[in-house]
Structure formats: C-alpha cells, structure tokens
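See below for the structure under consideration.
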Amino acid sequence: MKTYRRFNRAFFGLTIPGLLAVGLFNVGVDPYGVMNSPQWRLNRLRTEQFNHVRLFKATSVTRIAPKTVLLGSSRTDLGLDPKHPALAEGKPAYNLGLVGPNMYEVKRYFDHALAIQPELQTVVLGVDFFMFNEYKTHPADFEEARLERETLTPQELLNVTLSLGATRSSLGTIKNSWRSQANFLYHDNGFRYVHNNEPDNPLPQEFKNMIHGFFREEGYYPQFKLSQGFLNDLRELVAICQSRNIDLKIFISPSHATQWEALRMAGHWEEFEQWKRELVAIAPVWDFSGYHSISTEPISEKMTYYWDSSHYRQEVGNLILNRLFDYEPASVPPDFGPLLTPENVEEHLVEIRRDRESWANANAEAIAFVEELKP
C-alpha cells in the first residue's frame, strides 16, 4: 500500500503541474482566439483560426454581441468588410461568414447571433448554389452544442487548453508569428484577409484549382439535388427577421464568369435557374451572378476584382454593400446586382442567357480555359 501511495503522489505530482503548464501555455498563446488572451509578439499571427472558423466565430459573437451580422460562405468571409460605411448605423458589425457551409449551418449561426444579441438590427446574407445541395453535409467542425450559449462547452474548453491539437496549434502559431509566415488571417470583426495581399499561386493557377473542383468526385457539384430542407431553413430565417423587424438583405454572390461556365459544363444550369426561382418565392434577392462588367474581368496575373473564380475581393464586396444599402449608388455599375422578385425573375434569367452568349462569342479563350479542366 505504501508503494501505491508513493506512486500516486509521484504520478499526480508530475501530471497535475504538467497539465497546468500546458493549459497556461495554450491559454497564453490562444491560437484560435477564443480565450480573449492579449496579443503579443509570438501570437500576433493566429494562423490556426482559418482551420477553426466555426469555433472562433461563435465565440467572437458571444464576446462582441454584434447588431449587424454578415452571413454566408467563404465568399462573404473574404469579401464583405464590417467596417463599410453603409453599416455604420448598426455597430458593432461582425462578419459571420463560414467556410463551405450549407444553409442549415448559416441559419444556426444566425440563431446564435440572435440569441446573444436580441436587438440584432441588420442581417446581410450571401447565398450560394452549393449551400442548398441536398448532399452538402455538415463538416466535421460543426457543433450544435457551441451555439446559443455564452461560454465554451466543457469539452471544447478542454480541447482548446489541454489537447495535443491545441498544443500543436500554439507551437505553430509561435513559429509562424516569429517568421511572419501566414496565408489567411482574420481581423477582430471576423473579416478574413490574405496576408501580404498575395495568393499562394499565380492567379491563373488559382482559377484552375477552383474550377477543377466542379469536376472532381469530392467537389460540391458532381452530385446535386436542390434541398427543400435548406430552402425551409432560409424561409425560417426570413420569417424571424420579418417578425422582429430585422433589416434583411439577401444576395447571390458575384463569382467570375468562368465559374458559371464550369457550373454549366457540369450540367447544373437548369437547376441553378430553378434555385433562383425558389429563392425569390421566399424573399427579394439581389443577383450579382451572371456575366456583367465585374464578373467578366479577364483572367491575368494581377486582377482587381477576384482572388480566384469563386472568391471576390473587398473591392467587389464594397460595391455589393453599396448596392444593397443604396450607398454612393453612382459608384456601382448599372449591370451589377439587380433586385429579383417573382415578377421579373424570368425576364432576368433570359437576360443572363443572352449576356452569356455575347460573352462566350467574344471570349473563346476563356471557354477553352474551362473546357480543358473538364475530364
């Protein structure tokens, strides 16, 4: 018995201080930005936040309690700046865009924001076709338990302080901060930016990587079925905003024309049009998709409007917000973002088909660029 007692004392005497040291280390570095720890020289670049978007944004909403939230996919995440002057009356504003969500996830993060801030005033929602795919399942890092609560769950508290993954993330944060190595980083308001303002690959290669995803088996579109469940999630979000007098702006993201060509070549154009009909039956929608003066920017090594075929830059995001809030309307191209309703949607779809034909006739190289990526 004495031997067991000596062993237990030695074991706990070493284990408890060790765990305490690890926990304090991870809290101090705070690689995911969820412990509200101060920023210092060795954690100034929290590179691991991009891999834990759903975690740190849920926590940030709890801390900030924003009155304006910007919802949607990575296109919102990377394109819409909460500091835009059109949002000044609804401060604080927070970019709650997620990476690769379906509509149910977006709705649940809206629920979370509303539970934390019952006086939510403004919601800007960027919707994307893939978000309504029946086959778009929840990613591994989506956790219902973290939503509509003001603190981390006990399990997540352990995960961010005492887990091996958190320790690795802390060490990686220190290394990257020391060497000034980063790709994607986040401002405190949830807006993602590209460190040093340059992509990893030349832009034509970034376009190829993104478009190629339309034709891969693990991509978003090889299987597509318009989900009535995800449409119902949108209906519920709209109904809640209406019942609480929340100013809701819904828009379709302005990806590049080659993105729409890939969608067409993947065989989903008719479903894409039907999706728009379903959307406007729920609420008015600003449509920034299609072939217009922004999306038809020629692909080159240096582009004004796009990071790749899917993701637009802040310059485009500013124009979107200008259009949605009628801010400096003269700055917005006339063909960028018409408001769709059940009354004009069919005419609009015909117009996009005409615009596509004109663009395709004048841009054979761009069409060939997409066709070469199709198996």
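The structure presented is a predicted model; accordingly, all values stated were derived computationally and were not measured. Residues: numbered from 1 along the sequence shown.
Through direct or indirect side-chain contacts shorter than 4.5 Å among Ile, Leu, Val, Met, Phe, Trp and Tyr, Tyr327 is connected to no other residue. Within the hydrophobic cluster formed by Ile, Leu, Val, Met, Phe, Trp and Tyr side chains joined at under 4.5 Å, directly or through other members, Val29 is accompanied by Phe25, Trp40, Leu42, Leu171, Ile174, Trp178. Clustering of Ile, Leu, Val, Met, Phe, Trp and Tyr side chains at separations under 4.5 Å leaves Tyr135 isolated, with no partner residue.
Among residue pairs with one or both ends in residues 61-83, none qualify as ring pair (Phe, Tyr, Trp, His ring centres under 6.0 Å); sequence neighbours excluded. For residues 342-362, the pairs satisfying ring pair (Phe, Tyr, Trp, His ring centres under 6.0 Å) are Tyr291-Trp359, with sequence neighbours left out. Residue pairs satisfying the ring pair (Phe, Tyr, Trp, His ring centres under 6.0 Å) criterion with at least one member in residues 97-123, sequence neighbours excluded, are listed as follows: Tyr104-His138.
Phe129 has its ring centre less than 6.0 Å from the ring centre of Phe224.
The number of heavy atoms from other shown groups lying within 6.0 Å of CG (Asn232) is above 12. Environment of CD in Glu89: sparse, with no more than 12 heavy atoms of neighbouring residues, nucleotides or ligands closer than 6.0 Å. Sparse packing is recorded around CD of Glu150, with 12 or fewer heavy atoms of other residues, nucleotides or ligands lying under 6.0 Å away. The number of heavy-atom neighbours closer than 6.0 Å to CZ of Arg168, taken from other residues, nucleotides and ligands shown, is 12 or below. Residue-environment remark: CD (Glu236) exceeds the threshold of 12 foreign heavy atoms within 6.0 Å. At most 12 non-hydrogen atoms from other residues, nucleotides or ligands lie less than 6.0 angstrom from CD of Glu347.
Residues passing the side chain to side chain contact (heavy atoms under 4.5 Å, CB included) test with Glu119, sequence neighbours excluded: Lys67, Gln117. Evaluation of the side chain to side chain contact (heavy atoms under 4.5 Å, CB included) rule for Glu346 yields Arg277, Leu349 as partners, not counting sequence neighbours. Scanning for side chain to side chain contact (heavy atoms under 4.5 Å, CB included) contacts around Ala281 gives an empty result, with sequence neighbours left out. Partners of Glu261 according to the salt bridge (Lys or Arg N to Asp or Glu O under 4.0 Å) rule, which considers only residues two or more places apart in sequence or in another chain, are Arg264, Arg356. Among residues two or more places apart in sequence or in another chain, the side chain to side chain contact (heavy atoms under 4.5 Å, CB included) test is passed with Glu278 by Leu226, Gln228, Leu231, Arg235, Gln274. The ring pair (Phe, Tyr, Trp, His ring centres under 6.0 Å) test applied to Tyr305 returns no partner, not counting sequence neighbours.
Results of the side-chain hydrogen bond (donor to acceptor under 3.5 Å, both in side chains) test with Ser170 over Asn43, Asn26, Asp30 single out Asn26 as the only residue that passes. A side chain to side chain contact (heavy atoms under 4.5 Å, CB included) with Val34 is found for exactly one of Thr59, Val27, Thr62, Leu157, namely Thr59.
Looking only at atom types and distance, the side chain of Asn209 has a donor-acceptor partner in the side chain of Gln205 under 3.5 Å away. In the model, Trp275 has no side-chain atom that pairs as donor or acceptor with a side-chain atom of Glu271 under 3.5 Å. Judged by distance alone, the side chains of Gln314 and Asp81 do bring a donor and an acceptor atom under 3.5 Å apart. Counting only N and O atoms by type, the side chains of Asp308 and His311 include a donor and acceptor under 3.5 Å apart.
Note that OG of Ser289 and CD1 of Ile352 are 4.5 Å apart. Values are rounded to the nearest 0.5 Å. Taking CG of Leu324 as the reference point, atom CZ of Phe288 lies at 5.0 Å (rounded to 0.5 Å). Note: Met131 CE to Lys136 NZ = 10.0 Å, rounded to the nearest 0.5 Å. Atom-to-atom distance recorded for Phe130:CZ and Arg75:CZ is 6.0 Å, nearest 0.5 angstrom. Between Ile252 atom CD1 and Trp286 atom CH2 the span is 12.0 Å, to the nearest 0.5 Å. Atom CG in Leu71 sits 7.5 Å away from atom OG1 in Thr76 (nearest 0.5 Å).
Using cut-offs of 30° and 60° for the angle between ring planes, the Phe272 and Trp260 rings count as parallel.
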* To do: Take Leu234 and Ile250, measure what side-chain contact (heavy atoms from CB on, under 4.5 Å) needs, and give me the verdict at the end.
  => CA-CA 10 Å; Leu234 177 61; Ile250 306 174; 4.2 Å; yes

* To do: Evaluate the side-chain hydrogen bond (donor to acceptor under 3.5 Å, both in side chains) criterion for residues Gln155 and Thr153: first the C-alpha distance (whole Å), next the side-chain angles of each, then the deciding distance (0.1 Å), finally the verdict.
  => CA-CA 5 Å; Gln155 181 61 55; Thr153 66; over 6 Å; no

